[in-house]
Amino acid sequence: MTEVSLDTDTARRLREGMASGVLSFPLTSFREDGALDPDGFRAHLADRLAAAPGAVFPACGTGEFFSLDEDEYRQVVRITVQETAGRVPVVAGTGYGWAQALRFARIAEEEGADALLVLPHYLVAAPQDGLVAQLERIAAGTRLPLIAYQRGQVALTAASLKRVAALPTVIGLKDGHSDLDRLQRLTLAAPADFLFFNGAATAEIQARAYATVGVPAYSSAVHAFAPEIANAFFAALDDGDRGTLDTLLRDFYVPLVELRDRVPGYGVSLVKAAARLRGAPVGPVRAPLTDPSAADLADLKTLLATGLDLVGAAL
């Protein structure tokens, strides 16, 4: 077991970052043959950092954590820590069963990550006691603060969240279920300093709804390819500018979701394709994901140009 204690500095930096900008989930760059492209990832990450995110989450869902081996994961986390140079928190992904999650956690710890996002465990449904035990095992094996991610087969009750939040190094919860009744119960059950994140797919769609139950912070996949749009939305949300929010939602985000929903996996594939359209050296997705069809790519290009025009930017 690893001796653990609460890392209040990381929690503080994340809270400050959440208030100042979107949470950025960079893409992992691959070459055409599927090999990791460290230089491409470094260049892509540098561009994301120039767009002032509140924190960076490498090797998570958008970064195709599920397709990385441990050496590739190490390189991605190392580059992220090097490029951020302490400017914003680095929260690396980890997941699968707790034993494998700890292998990735130890790599992230060795490479200097600030915290971990614990992705939903692999495959099986589990009772509440098992969901709590999974986080207990991971928390006992790493010094890094943990943010639990509930999505898919992971959905905590208020009673379970109280147990999870009592663990010394669990500092927050990312929610991808968009069940606002359940989420409100969770926020009320948690300690006052516990962090909550909106982790819905294309989170901007539900950002206003999440904010009404006390969860204004959100992750933005759009920041990976159009930070101009992502930052304009964040500023409008912060200012309460309903007109701008409605325009961006109606003319860009809702059509993006409709395009995303055409094919399973487009939640990552479209993001990567959009980044390539803007010249980012991110390469293709890895199987089992597939790159967009020619027709869907054409629709994406038109939509991206429309969204950028809305905020005074160009493709």
How long is the span from the OG1 atom in Thr187 to the CG atom in Leu173, to the nearest 0.5 Å? 10.5 Å
Is any side-chain heavy atom of Leu237 less than 4.5 Å from a side-chain heavy atom of Glu204? no
Any luck finding a side-chain donor-acceptor pair between Gln128 and Arg163 under 3.5 Å? no
Can you name the residues that form a side chain to side chain donor-acceptor pair (under 3.5 Å) with Asp175, not counting sequence neighbours? Gln150, Tyr210
Do Ile138 and Val91 belong to the same hydrophobic cluster, where Ile, Leu, Val, Met, Phe, Trp and Tyr are linked whenever their side-chain heavy atoms lie under 4.5 Å apart, directly or via other members? yes
In terms of side-chain heavy atoms, does Gln100 have a donor or acceptor partner in Glu70 at a distance below 3.5 Å? yes
Under 3.5 Å: donor-acceptor pair, side chain of Thr28, backbone of Gly63: yes
Rounded to the nearest 0.5 Å, what separation is found between the CG atom of Leu146 and the OG1 atom of Thr10? 11.0 Å
Taking NZ, NE, NH1 and NH2 as the nitrogens, is one of them in Arg278 or Glu228 under 4.0 Å from a carboxylate oxygen of the other? yes
Side chain to side chain donor-acceptor pair (under 3.5 Å) with Glu111: of Arg78, Gln82, Gln75, only one passes, and it is Arg78
Please report whether the ring centroid of Phe197 lies less than 6.0 Å from that of Tyr149. no
Any donor-acceptor pair under 3.5 Å linking the side chain of Arg87 with the backbone of Thr84? yes
Would you confirm whether Tyr73, through its side chain, and Gly93, through its main-chain N or O, come within 3.5 Å as a donor-acceptor pair? yes
Evaluate Phe233 against Val222 for side-chain contact (heavy atoms from CB on, under 4.5 Å), listing each step before the verdict. CA-CA 10 Å; Phe233 186 94; Val222 172; over 6 Å; no
Where Ala274 and Leu304 come nearest, the two heavy atoms and their spacing: O-CD2, 4.0 Å
Ignoring hydrogens and angles, tell me if any N or O in the side chain of Arg74 forms a donor-acceptor pair with the backbone of Ala108 under 3.5 Å. no
Look only at the side chain of His177 and the backbone of Leu183, and say whether a donor-acceptor pair between them is shorter than 3.5 Å. no
Could you check Val77 against Ile107 for side-chain contact (heavy atoms from CB on, under 4.5 Å), going step by step and ending with a plain yes or no? CA-CA 8 Å; Val77 176; Ile107 293 170; 5.6 Å; no
Thr94 (side chain) donor-acceptor with Ala101 (main chain) under 3.5 angstrom: yes
What distance do Thr306 atom OG1 and Leu256 atom CG have between them, rounded to the nearest 0.5 Å? 11.5 Å
Closest non-hydrogen atoms of Val88 and Pro53, given as atom of the first, atom of the second and distance, are CG1-O, 3.6 Å
Might you point out which heavy atoms bring Met18 and Leu23 nearest each other, and give the distance in Å? CG-CD2, 4.1 Å
Side chain to side chain donor-acceptor pair (under 3.5 Å) filter on His223, not counting sequence neighbours, yields Ser24
Donor-acceptor under 3.5 Å (Asn198 side chain, Ala200 main chain): yes
If only atom types and distance count, is the side chain of Asp37 paired as donor or acceptor with the main-chain N or O of Ser29 below 3.5 Å? no
According to side chain to side chain donor-acceptor pair (under 3.5 Å), who are the partners of Tyr266, at least two apart in sequence or on a separate chain? Asp296
Kindly indicate whether the side chain of Arg143, heavy atoms from C-beta on, has any atom under 4.5 Å from the side chain of Thr169. no
Apply ring pair (Phe, Tyr, Trp, His ring centres under 6.0 Å) to the pair Phe66 and Tyr96, showing each step before the final yes or no. CA-CA 9 Å; Phe66 51 83; Tyr96 306 114; 8.9 Å; no
Would you indicate whether the side-chain heavy atoms of Ile147 and Val118 approach each other to under 4.5 Å? no
Asp246/Arg250 ion pair, N-O < 4.0 Å: no
Quick one: does any side-chain atom of Ser220 pair with a main-chain N or O of Val22 as donor and acceptor, under 3.5 Å? no
According to the interplanar angle, ranging from 0 to 90°, do the rings of Phe252 and Phe225 count as parallel (below 30°), tilted (30 to 60°) or perpendicular (above 60°)? tilted
Quick one: are Asp114 and Leu144 in side-chain contact, heavy atoms under 4.5 Å? no
Atom of Asn231, atom of Ala51 and distance for their closest heavy-atom approach: ND2-O, 3.0 Å
If we ignore angles and hydrogens, is there a donor and acceptor under 3.5 Å between the side chains of Thr142 and Arg106? no
Between Leu248 and Val257, is there a shared hydrophobic cluster once you connect ILVMFWY residues whose side-chain heavy atoms come closer than 4.5 Å? yes
Does atom CZ of Arg185 have more than 12 heavy-atom neighbours, drawn from other residues, nucleotides or ligands, at distances under 6.0 Å? no
With a 4.5 Å cut-off on side-chain heavy atoms, are Lys174 and Arg151 touching? no
Run the salt-bridge test on Glu72 and Arg286 with the 4.0 Å N-O cut-off and return the result as yes or no. yes
Cationic N near anionic O, under 4.0 Å, Arg15 to Asp193: no
Are Leu188 and Val213 linked, directly or through intermediate hydrophobic residues, by side-chain heavy-atom contacts shorter than 4.5 Å (ILVMFWY only)? no
Full working for side-chain contact (heavy atoms from CB on, under 4.5 Å) between His121 and Trp98: CA-CA 8 Å; His121 63 270; Trp98 63 263; over 6 Å; no
Is it true that Arg42 and Asp39 have a side-chain N and a carboxylate O under 4.0 angstrom from each other? no
Identify whether Leu116 and Leu14 are in the same connected component of the hydrophobic contact network (ILVMFWY, side-chain heavy atoms under 4.5 Å). yes
Answer whether the closest heavy-atom distance between the side chains of Val56 and Pro89 falls below 4.5 Å. no
Indicate if Val170 and Val154 have the same hydrophobic cluster label, given that clusters are the connected sets of ILVMFWY residues with side-chain heavy-atom separations under 4.5 angstrom. yes
From OG1 (Thr80) to CG (Leu45), nearest 0.5 Å: 5.0 Å
Decide whether Thr247 and Thr244 meet the rule of one side-chain donor and one side-chain acceptor closer than 3.5 Å. no
Taking Leu156's backbone N and O only, do any of them form a donor-acceptor pair with Ser160's side chain (distance below 3.5 Å, no angle check)? no
Would you indicate whether Arg103, at its atom CZ, is surrounded by more than 12 heavy atoms from other residues, nucleotides or ligands within a distance under 6.0 Å? no
Find the distance between OH (Tyr253) and CD1 (Ile205) and round it off to the nearest 0.5 Å. 8.5 Å
How many angstroms lie between OG in Ser269 and CG in Leu289, if you round to the nearest 0.5 Å? 4.5 Å
Minimum heavy-atom separation for Val81 and Ala113, please, with both atom names. CG2-N, 3.8 Å
Among Phe25, Phe104, Phe57, find the residue that satisfies the ring pair (Phe, Tyr, Trp, His ring centres under 6.0 Å) test when tested with Phe65. Phe104
One pair to check against side-chain contact (heavy atoms from CB on, under 4.5 Å): Tyr122 and Gln153. What are the steps and the verdict? CA-CA 9 Å; Tyr122 173 67; Gln153 67 268 38; 5.8 Å; no
Classify the ring geometry between Phe41 and His44 as parallel (under 30°), tilted (30 to 60°) or perpendicular (over 60°). tilted
Do Ile229 and Leu310 have side-chain heavy atoms sitting under 4.5 Å apart? no
